[in-house]
Every structure is written in structure tokens, then in C-alpha cells.
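The block underneath contains the structure these notes are about, expressed in C-alpha cells.
Proteins come first, then strands; the chains are lettered A, B, ... in the order of their sequence lines, and each starts at number 1. Below, all heavy atoms of this structure are taken into account, side chains as well, without hydrogens, waters or symmetry copies.
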Amino acid sequence: MKNISERVSLFRELLSCVNNIYLTEFDAGYNVISTSFPDQNLMALFLMCDTEIMNNPPSLDREAARIKNGPSIFTNEIGMSWMSEIVTEEGRVSRIYMIGPVFLDDYSVQDIERKIDSLISSISIKRSFMEILKKMAIIDLNRFYEYGIMFHFCITGEKIAVSDFDYPISGEDRKKDDFLAEKHGTYMAENEILKLVETGNLNYKKEMEKYVTIGTTGRLSEKNYIRHAKNIVIVFAALCTRAAIRGGLPSETAYQLREQYINSVERAGTLAKINETNFAMMGDFVQRVHKNKVLSESMSPQIRETCDYIGLHLNEKLEIRMLAARHGYTDYYFSNKFKHETGQSLCDYLNEQRIGKAREMLESTSMEVQDICNELGYNSQSYFGKIFRQAVGITPGQYRATYGTGGEKCISEKM
Amino acid sequence: MHIRKNVNIASFIKEVGQCRGEVSFQTNEGDILNLSSVLSRYIFATIAENPEILYTSRIVCELDADRKLLGSFLTD
């Protein structure tokens, strides 16, 4: 603990060298132990003011349920962001470290200035509040990530990636990660990122880290940072679509994916949700391109056709006998051939495809879990829940709470 | 109702977060802060540094249940 405190103390000093970025150490009851913010009492009050954090207080349960290992990032409705790390000792939260609050763009500050004019008539209150606001840094999102990566290393000694950041869920909002692909002056980086899609490179997360914090994003909206972030994802969706088609993905599939993710990002209400959609989109494109390549390069036409057939009939009862008979094979021969070419038994392959489809439905539709279970041909919800948990690590309900966008999947106009 | 002197304002703000109805902070100058709004809460936190405004302003709860919830922080 002493070592952590010393490291945090040094990190706090380093932060103060370049920006008004504050690092505060709280105990488990949110009492301030130390802070670089000029007013310790006010820092304690500010934390309590933030619904995003107080609705998702750091706890062991939340830590246990986390999928991501990195710092948690909270962004509230007025555009302030915080980053937290927790230290546990003997099964208890012993320290909570928070970086922030910071603004990720100056639109939020201008917006607050406008709102405060209509909200408060007292000049002294206005002045006091604006003076406090001016003490908060406005930094680029990528730089915030960089600080988070260093912050996490400082606390845990682990090196993490941008995709490891955690975005706790709050009410209708949801949190998670990460990257913004377009960078001014980094055409090469953009090409490299799109090459990951085009080649279906499953190591894309690791490869992405080489490029994700290069340069700065252009300003793609003068309205606000949410619109700006959405526009980045929409541009990236179009680029990914072309890259995936070049990589061999059927164009119709690629266009449908693009539309699905553009609709999804338009429904997103927070930066975290937008970034999550971006991340999911790239993963989806990469995996589909990869799968398409694998299928076309390493499988016999019969097994490839079987895989296509399975993909289109996941909601039906698919028996080995029937699938084998479609190609005039015996059950035994077909099972062996399938396993030899795909590396999986038919049963495992079916479950993987169904779980993949279930994840997609949980993420992008509002269908009940029972209906999804029925749709995918599972006889009981408890069996579906068990299989899902084995495969994904969390229950379908938890998955939806973390990744679901809540609306019906819809595909509309093409770009 | 006014805020009781020497109460823990951080705990008060935390408790306001649990209220079901509207809780507003009304200053003598006529400013009204709806404490369910994040921006208003941040402004309130700044005001809390100024005892003169903090203790002379009124807290108005829309619901009786919220008034009870915040009872230990308030005085007539």
C-alpha cells in the first residue's frame, strides 16, 4: 500500500506539471485522503454531485462483474469526465483513486456557460462557479486514455490497452471503450487500421494499440462532442465496409452491417456507448472477414455449404443425420469431416453460432431472453443461460445490461 | 426549510440523489436550483462554500417522503 501511495503521489505531481488534472485519493466511504485539487472539501462534494459515479459506486461486486481490467471512465450529462481505479486489501476496497473532473472538449464548457446564464441571476454565484470550472482541464480524449494507461500501470504495474477501459453502466446509459480511428495527418495509421479489417486480422485489438493514440481527431461537428464522436464512427463505418468488401465479405453483408452499426450509434446517448459501438463494429467486420476467408480457403464445398446452411437456420432443430444426408454422407463420416475441417464438433459449432447470434440479439434488440432462447431453438431458458454463461462468462441479462442498445434492430437507407 | 448548520453537505448531496421527487434550493435572490440536475448540484456544491448563502436559502421538497428522508439535514 505504501508503494502504491508513493507511486500515486509521484504520478499526481507529474500530472500537475502539464495540466490542471487532479488526482484524488478517497477511502472506501468517499472521504478525501489527499488531492491535488485546490479545495479538498469541494472535491468531496463534486464527487457526490456526480450521478454517474454515485449510481455505480466502486465496489467489490462491481469489480467482480467487470469484464474490462482497466480504469473506469465516467462521463456525466454536462460533459465532465472522471477516471477511477480501486485498490483492494484483504477482500475490501481500501482506496479509490479518481482523476478528474476534466472536460473532453470545450463545447461542454461553453454549453455550461450558456446554461448557467439562464439558471442563475446572482453574479457572485456565477463568478464563483465559473472560476471553479476554469480550474478544470480540457483535454483530448486520446490524451485522457494515455493518462489512464499510465495511471493503471502506476497502481497495478500492469500495461493495458485502450480497449481495456471500463465504462460502468448507469440507468439507460452504458459504458465501455475506446478508439477513434481517424486522425489528422495519420493517413498511414488509417490505412493500417483498415488493413486489419481487410485481412480479417484477429489480433486487431493488439495491433490497434499502435495507432489508436496517434495524432488528434479532426473536429467533425461544431454542435457538441457527442455529435462529433458519432460522425467519426459513421465515417469509420463507411471505411470499414469498403475494407471488408475488399477483404472478400459479400457486399450485401457488409452494407447491412454498416447500416446496423450506424443506426446503433445514432441511438447512443453517451460517449461510452458510441465508442462501444465503434469497437463492436470493427470486431464484427474483422471476424466476419476472417471467417469468410477461413471458410473459402480451408473447407470443402460441402462443409462450407453446411456452415452457410447452419447460419441461416439457427432457429431450427439441426440434426447431424439431416445435415449429413444433404450431402449424401453417413453421420459418422460427416461428423469426422466436419470436425476435421472446422476444428470443432458440430455440436460445439452450433452452440458457438447460436451464442454469437444470441449476443447480437441481446445487443441490438429488445427481445425478451425467453424469446431469444426460443428463436435459437433452445428448449429451456435455464439450459440456454448455462451454455451462454459458459461461453461468454456472464448471464444473458448481464450481457444485455452491459452491451445492449435496447432498441429493435433496424436497417434503413444505404449510404 | 433551511439547511441545518454544520451538517455534512456531502452526505446531504448523496441523500438528495435518493429522493424520488424534485428537491430545489431557492436563494433569497430568487435563483432556484433543481438538485436533480447534475449542473445544479455542482453549482450548489460551490455555493456550499459560502455559508451566508447556504444557510439563508430554502430547501423545497416536492414530496413528503423526500422531506422525511432529508429531515436530519433540515431545520425550519
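In this structure, B:D31 contributes its side chain and A:S121 its backbone to a donor-acceptor pair below 3.5 Å.
Here the options are A:L42, A:N41, A:L45, the test is side chain to side chain contact (heavy atoms under 4.5 Å, CB included), and the partner is B:I9; only A:L45 passes.
Residue A:N31: no heavy atom, backbone or side chain, is found under 4.5 Å from chain B. In this structure, the portion of B:I47 lying under 4.5 Å from any heavy atom of chain A is its side chain and not its backbone. Both the backbone and the side chain of A:I120 have a heavy atom closer than 4.5 Å to some heavy atom of chain B. For B:E29, the parts sitting under 4.5 Å from any heavy atom of chain A are the backbone and the side chain alike. Neither the backbone nor the side chain of B:L35 has a heavy atom closer than 4.5 Å to any heavy atom of chain A.
A distance of 10.5 Å separates CD1 in B:I43 from NZ in A:K115, rounded to the nearest 0.5 Å. Taken to the nearest 0.5 Å, the CG atom of B:N50 stands 9.0 Å off from the OG atom of A:S122.
With sequence neighbours excluded, no residue forms a side chain to side chain donor-acceptor pair (under 3.5 Å) with B:T27. Applying the side chain to side chain donor-acceptor pair (under 3.5 Å) criterion to B:R20, with sequence neighbours excluded, gives no partner residue. Applying the ring pair (Phe, Tyr, Trp, His ring centres under 6.0 Å) rule to A:F144 yields no partners; only residues at least two apart in sequence or on another chain are considered.
The stretch residues 66-76 of chain B places none of its residues near chain A, where near means some heavy atom under 4.5 Å from a heavy atom of that chain.
Counted within 6.0 Å of CZ on B:R4, heavy atoms from surrounding residues, nucleotides or ligands total more than 12; the atom is thus considered enclosed. Crowding of B:K14 atom NZ: a count of heavy atoms from other residues, nucleotides or ligands under 6.0 Å not exceeding 12.
Under the 4.5 Å side-chain criterion, counting only non-hydrogen atoms from C-beta, B:T46 is not in contact with A:I125. For the pair B:Y42 and A:I116, the minimum side-chain heavy-atom distance is 4.5 Å or more.
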